[in-house]
Amino acid sequence: MPPDNQLLANAFSNYADAQRVLEVDSLTWLSLDDLYATADEAGIDRDHLCTYCLKGDKHELDL
């Protein structure tokens with residue numbers, strides 16, 4: 001995962017700028033709950049997902 005200053009979500013001040021640069025009609029960020037729901041639908045246990053880059057919770061890292 002790149003540093004925060006290189007993440008798309010931090011590179012633009014609003015959705016319109018990101019949509020224009022990416023040349024897309026729409027842009028939506030998934031919430032963490034949406035990620036968990038998608039993982040559940042795919043049969044992936046949420047306990048097997050690393051969400052450190054999304055939440056910054058170092059306690060979730062199992063190193």
Side-chain angles (χ1 to χ4, degrees):
M1 192 67 151
D4 285 350
N5 66 349
Q6 293 180 3
L7 296 176
L8 182 66
N10 295 324
F12 300 100
S13 60
N14 59 60
Y15 287 129
D17 289 343
Q19 285 176 247
R20 183 178 43 76
V21 170
L22 296 171
E23 299 179 357
V24 296
D25 294 328
S26 65
L27 184 63
T28 304
W29 307 121
L30 289 178
S31 69
L32 194 54
D33 287 335
D34 290 336
L35 174 64
Y36 288 144
T38 302
D40 288 341
E41 289 176 17
I44 300 169
D45 186 344
R46 70 176 56 190
D47 291 334
H48 291 99
L49 294 176
C50 176
T51 57
Y52 172 74
C53 61
L54 302 171
K55 296 178 6 182
D57 185 359
K58 293 180 183 177
H59 298 290
E60 287 207 11
L61 291 178
D62 186 16
L63 301 175

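Checking Thr51, Leu35, Asp40 one by one against Arg46, the side-chain contact (heavy atoms from CB on, under 4.5 Å) holds for a single residue, Asp40.
Of all heavy-atom pairs between Gln19 and Asp25, the closest is NE2-O, 2.8 Å.
Hydrophobic clustering (side-chain heavy atoms under 4.5 Å, transitive across Ile, Leu, Val, Met, Phe, Trp, Tyr) keeps Tyr36 apart from Leu30.
The closest donor-acceptor contact from the side chain of Asp45 to the backbone of His48 lies at 3.5 Å or more, if one exists at all.
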